[in-house]
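One structure is given below, encoded as structure tokens.
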Amino acid sequence: MRYDKEKSRKNGVTRMAFLAIWLLMIAYAVFFAPSGSGGYEFGPLLMGEWEGIDPLILAVFNSLGIFPLVFLTLLLPNDRFSWPAWPFVFASFGVGAFSLLPYFAFGGKPPEKQRRGPNWLHRILRSKAWLIFVAAISTINFLTVFRGFSPQAYVEAFQTSSLVSVMTIDWFVLWGLSVYATYRFLPETRFKQLALLPVVGPVLVLLFNRNAKEEQ
């Protein structure tokens, strides 16, 4: 009984932390982020107009499209909770952590008996081919940074561009959420420390544990 109360208290603190981060992100985006574009527009970047864009800015922007694939892989096969995960995950393709934080704050209670979604989808998201695919595009995106990025250019863009400023905050929150989700939904897996690797880490945890299971 005491253990249940302590667990409930910790869960409540965690939920409030996620809610606070969500509200702070909204406040930052609305009131504190730079008001100008700084020469960076979402539409042109999305359409592949990357000439003259610093590689680090481009890598961060592209990783915001890869993170939702990571959360698809982590959350959908564990979708047993009171709120379905898929609407929040699919919304994250457009708004990132702004859609995922409410799910982590309120959607994880109480657990349902059966997970949602078709078994074929769960098999795909846990398949070696899918995990290698997500790991590969994450790694390729990271390697683009070595074309020669400028920390000074990134800092300047962060200070002058609303897009770069908000997407940077979004990136760090998504990174933290991916680590949290790995430790929460995969508590028995080995090599969980790999989840600390941005973007690719949680996928590597799944991939290495899948291989270990096959070897047994």
Side-chain angles (χ1 to χ4, degrees), residues 7 10-11 13-15 17-18 21-22 25 55-81 85-86 88-93 96-101 103-105 107-108 111 115 117 121-147 149 151 154 167-216:
K7 184 177 179 180
K10 289 181 178 179
N11 289 340
V13 171
T14 301
R15 288 195 295 271
F18 286 135
I21 295 170
W22 184 55
M25 285 186 68
L56 182 56
I57 294 175
L58 186 58
V60 171
F61 178 81
N62 287 336
S63 66
L64 295 182
I66 301 173
F67 263 124
L69 300 179
V70 176
F71 284 102
L72 273 175
T73 307
L74 288 172
L75 299 185
L76 263 62
N78 295 287
D79 191 6
R80 294 184 173 91
F81 298 94
W86 65 266
F88 300 91
V89 175
F90 281 107
S92 71
F93 281 98
F98 288 94
S99 71
L100 288 170
L101 281 166
Y103 173 78
F104 281 101
R115 64 182 179 181
L121 179 59
H122 299 150
R123 287 195 294 268
I124 289 175
L125 294 174
R126 285 293 189 261
S127 69
K128 182 181 290 187
W130 172 259
L131 296 175
I132 290 175
F133 167 72
V134 178
I137 61 175
S138 303
T139 303
I140 292 169
N141 180 57
F142 171 74
L143 292 177
T144 61
V145 172
F146 293 99
R147 292 185 301 163
F149 69 94
Y154 198 100
M167 80 178 191
T168 301
I169 302 299
D170 191 22
W171 188 93
F172 278 104
V173 175
L174 287 170
W175 178 24
L177 288 177
S178 70
V179 176
Y180 171 81
T182 301
Y183 275 78
R184 179 181 179 185
F185 295 114
L186 307 171
E188 304 300 325
T189 54
R190 299 183 299 164
F191 312 119
K192 286 195 294 292
Q193 298 85 348
L194 288 173
L196 293 170
L197 293 173
V199 190
V200 72
V203 180
L204 293 179
V205 174
L206 286 167
L207 188 59
F208 291 159
N209 280 275
R210 187 182 188 282
N211 290 341
K213 186 176 180 180
E214 287 179 351
E215 289 172 3
Q216 290 174 356

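The side-chain contact (heavy atoms from CB on, under 4.5 Å) test with V70 singles out one residue from L174, V134, V200, and that residue is V134.
Residues P77 and H122 come closest through the heavy atom pair CA-CD2, 3.8 Å. Between T182 and S178, the closest heavy-atom pair is OG1-O, 2.8 Å. What you find for F88 and L100 is that their closest heavy atoms are O-CD2, 3.8 Å.
Within the 4.5 Å cutoff, the side chain of L74 has no heavy atoms near those of the N78 side chain. The shortest distance between side-chain heavy atoms of W130 and T73 falls below 4.5 Å. Counting heavy atoms from C-beta outward, S92 and F67 have side chains that stay 4.5 Å or more apart. V199 has its side chain out of reach of N141: every pair of non-hydrogen atoms, C-beta onward, lies at least 4.5 Å apart. Contact of the R190 side chain with the V205 side chain is not registered, since no non-hydrogen atoms from C-beta on lie closer than 4.5 Å.
With hydrogens and angles disregarded, no donor-acceptor distance shorter than 3.5 Å links the side chain of W86 to the backbone of L72. At distances below 3.5 Å, at least one donor-acceptor pair connects side-chain atoms of K192 with backbone N or O atoms of P187.
Judged by distance alone, the side chains of Y180 and T14 never bring a donor and an acceptor atom under 3.5 Å apart.
In this structure, R184 is not positioned above the aromatic face of F18 in the sense of NZ or CZ being under 6.0 Å from the six-membered ring centre and within 45° of the axis.
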